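Have a look at the structure that comes next, please.
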2 protein chains.
Amino acid sequence: MSDWTRDFAILDALDEASRTQLLAHSHAMQAPAGTVLFREGSPCQAYLFLLQGQIRVQKVGENGREITLYRVESGQTCIVTTACLMSGNDYDAEGVAETAIHAQALPIPAFRQLLADSASFRDFVFRAYGSRIADLLLLIEEVSFGRIDQRLAACLLQRARGQAALSTTHQELAAELGSAREVISRQLKEFERRGWIRLGRGQLQLLDAGALQQLAGK
Amino acid sequence: MSDWTRDFAILDALDEASRTQLLAHSHAMQAPAGTVLFREGSPCQAYLFLLQGQIRVQKVGENGREITLYRVESGQTCIVTTACLMSGNDYDAEGVAETAIHAQALPIPAFRQLLADSASFRDFVFRAYGSRIADLLLLIEEVSFGRIDQRLAACLLQRARGQAALSTTHQELAAELGSAREVISRQLKEFERRGWIRLGRGQLQLLDAGALQQLAGK
DNA sequence: CCGCTTCAGTGACTAGGTCACACAGTGGCG
DNA sequence: CGCCACTGTGTGACCTAGTCACTGAAGCGG
């Protein structure tokens, strides 16, 4: 088995024949961090597996505001790509590499063939759909009914991943949540006033993760 | 071919063997208008085709506010159901019959079998996914970045479907858009002040569809 | 050290959501 | 017919979030 397949969970689930088929017909591709992989309106030619790295999929409004829809991580696939593929429409979101990425592209005919041949591949594809749709529904709920302070608190905790500090700008946080930079700045200032965090240029420290947790969880 | 299959577009696309398979393993079900077909947290046992009628799929927030995610119409399938089915999770949305409905339910094993056997069935399922995901992304964009007056204007036009009058309450419109009744009332009042519509209890008339169109399209 | 760029802070204002309450149609029922 | 409950609508006061315009501070390259 070649090197890149190590992190590629789906391969374990596939039978030998399907695996061979997959490897034979797909080709490797890679891109540096910051690459725009696809944008709204561009067509879509291949089914994409992400082998290594992270992709942010986002919507960009006319006024320039952004919101992150979800992230594609190692071993996952991008359902917006798949959705376009199957329905024949163009992309209606934008994908940006957050890190350098290695991916494997499976052209449409080979994709269809594999779908036909392998039950485990079908399962993988459908499971991906299912969990993404759940993500999107949750996002709609948060955007429609959620409070920005709670969403921000959750966002900070998630980004910190247990670390006490994280490097990010207010603008990035705003783009994550689909809000405006000024709003985030004010909320963060309020968090700092309460002693939950300490602000610095391009970075911030979590002083009281518990308080954030409580706010986020409410 | 039995009676209910008339409006069932997918049957035309399926080969004879798959069609027979589909009909043999699914069973008919029906429900009156207003029935809650599924709600958040309930599990999911079968793949559902809607033969006749209309289903509204919505999210309900803790505070009671609602937002319509999409509608399932005759000949379509509900992807939230499918998503749950394949990922094994419970529903994370609520489905309500807006009219009396006739549906056909295909139990999971038969669904998987059909997916394996019929390329055209796979296409149907995937195409449904693709267009729904596009819908959801559009909804996220509107909710995040859109203006409520524009969304309301679009909603009125869509509901009127060329008719000059429509019967609905402000509360229903608010639930459609994920907004609050008072907000909708005020917007409608403003539309009336501009001479675009005339308000009545439980119904309203469109006087200047063009103006609404222009507002909605901006 | 200077000047440019990026990042953050702030006040004034607008849009939209919440709360509390008033009041008007409508339909049932004595 | 008149009373009454229920549902739908109108409205003011207030709060949260987003927008606009601007200031100033931090870092960085020359």
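Chain naming here is simple, since letters A, B, ... match the order of the sequence lines and numbering starts at 1 in each. Remember, it's a predicted structure, so these values are computed and weren't measured experimentally. Below, all heavy atoms of this structure are taken into account, side chains as well, without hydrogens, waters or symmetry copies.
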Fill in: Atom-to-atom span, CG of A/N63 to C1' of D/dA21 - whole angstrom
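These atoms are roughly 17 Å apart.
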Practice prompt. Take atom CD1 of B/I197 and atom C1' of D/dT9, then tell me their distance rounded to the nearest Å.
Written response: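 Going from B/I197 (CD1) to D/dT9 (C1'), I get 13 Å.
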Practice prompt. Please determine if A/R194 and A/E190 form a salt bridge, counting it only when a charged side-chain N lies under 4.0 Å from a carboxylate O.
Written response: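 A salt bridge is present here (some side-chain N lies under 4.0 Å from a carboxylate O).
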Worksheet item: How does protein reach along nucleotides 22-29 of chain D, written 5' to 3' as B (base within reach of a heavy atom under 4.0 Å), S (only sugar-phosphate), or - (no contact)?
Response: ---BB---
Item to complete: Supply the atom-to-atom distance A/I79 CD1 to A/F126 CZ, rounded to the nearest 0.5 angstrom.
Response: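 Reported to 0.5 Å precision, the distance equals 12.5 Å.
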Fill in: Steps toward side-chain contact (heavy atoms from CB on, under 4.5 Å) verdict (A/V72, A/L48)
CA-CA 11 Å; A/V72 185; A/L48 275 185; over 6 Å; no
Worksheet item: Applying the salt bridge (charged side-chain N to carboxylate O under 4.0 Å, His left out) test to A/K59, which of A/E66, A/E40, A/E176 qualifies?
Response: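 Looking at A/E66, A/E40, A/E176, the match for A/K59 under the salt bridge (charged side-chain N to carboxylate O under 4.0 Å, His left out) is A/E40.
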Discussion item. Between B/L157 and B/L206, is the side-chain contact (heavy atoms from CB on, under 4.5 Å) condition met? List the steps.
Written reply: CA-CA 9 Å; B/L157 289 169; B/L206 304 193; 4.3 Å; yes
Practice prompt. Let me know, please, whether A/L199 or B/G146 comes out on the 5' side of the other along DNA chain C by nearest nucleotide.
Written response: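 It is A/L199, whose closest nucleotide lies nearer the 5' terminus.
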Worksheet entry | Derivation and outcome, side-chain contact (heavy atoms from CB on, under 4.5 Å), residues A/R198 and A/E192 | CA-CA 6 Å; A/R198 179 191 306 277; A/E192 187 177 45; 4.3 Å; yes
Discussion item. For a quick test of reading the model: is some side-chain N or O of B/H170 closer than 4.0 Å to OP1 or OP2 of D/dT9?
Written reply: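 Yes, B/H170 has a side-chain N/O under 4.0 Å of OP1/OP2 on D/dT9.
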Practice prompt. Using atom CZ of B/F191 as one end and atom P of D/dG10 as the other, report the distance to the nearest whole Å.
Written response: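 That distance rounds to 14 Å.
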Fill in: side-chain hydrogen bond (donor to acceptor under 3.5 Å, both in side chains) between A/Q76 and A/R132, intermediate numbers included
CA-CA 11 Å; A/Q76 298 182 339; A/R132 287 305 185 207; 2.9 Å; yes
Worksheet item: Rounded to whole angstrom units, what separation is found between the CD atom of B/Q203 and the P atom of D/dG8?
Response: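 Roughly 14 Å, once rounded to whole Å.
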Worksheet item: Looking across every strand, which nucleic acid part, if any, lies under 4.0 Å from B/R186 by heavy atom: base, sugar-phosphate, or nothing?
Response: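 It contacts base atoms.
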Worksheet item: Counting just side-chain N and O atoms, does A/R65 come under 4.0 Å of either OP1 or OP2 of D/dT19?
Response: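 Indeed, a polar side-chain atom of A/R65 lies that close.
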Worksheet item: What integer distance in Å separates A/E62:CD from D/dT19:P?
Response: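 So the CD-P distance, A/E62 to D/dT19, works out to 12 Å.
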Item to complete: Provide, to the nearest angstrom, the distance between the CD atom belonging to B/Q171 and the P atom belonging to D/dC6.
Response: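 Nearest whole value for this atom pair: 18 Å.
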Discussion item. Whether A/R159 and A/E172 form a salt bridge (side-chain N of Lys/Arg under 4.0 Å from carboxylate O of Asp/Glu) is what I want to check.
Written reply: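 Yes, this pair counts.
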Worksheet item: Which part of the nucleic acid, if any, lies within contact of A/Q187, taking any heavy atom under 4.0 Å across all strands shown: a base, the sugar-phosphate backbone alone, or nothing?
Response: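 Sugar-phosphate contact only.
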Discussion item. I'd like the 5' and 3' limits of the part of DNA chain C contacted by chain A, with heavy-atom contacts below 4.0 Å.
Written reply: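 Range of nucleotides touched by chain A: C/dT6 to C/dA12.
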Fill in: Value in whole Å for how far the P atom of D/dT16 lies from CG of A/D149
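It is 9 Å, rounded to the nearest whole Å.
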Worksheet item: Mind checking whether A/F49 and A/S26 have side chains closer than 4.5 Å, heavy atoms only?
Response: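 Counting from C-beta outward, A/F49 and A/S26 never come under 4.5 Å.
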Fill in: Under-4.0 Å side-chain N/O to phosphate OP1/OP2 contact, B/K189 with D/dT9
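Negative; the distance criterion is not met.
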Item to complete: Could you check how far CD of B/E172 sits from P of D/dT7, rounded to whole Å?
Response: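 These atoms are roughly 14 Å apart.
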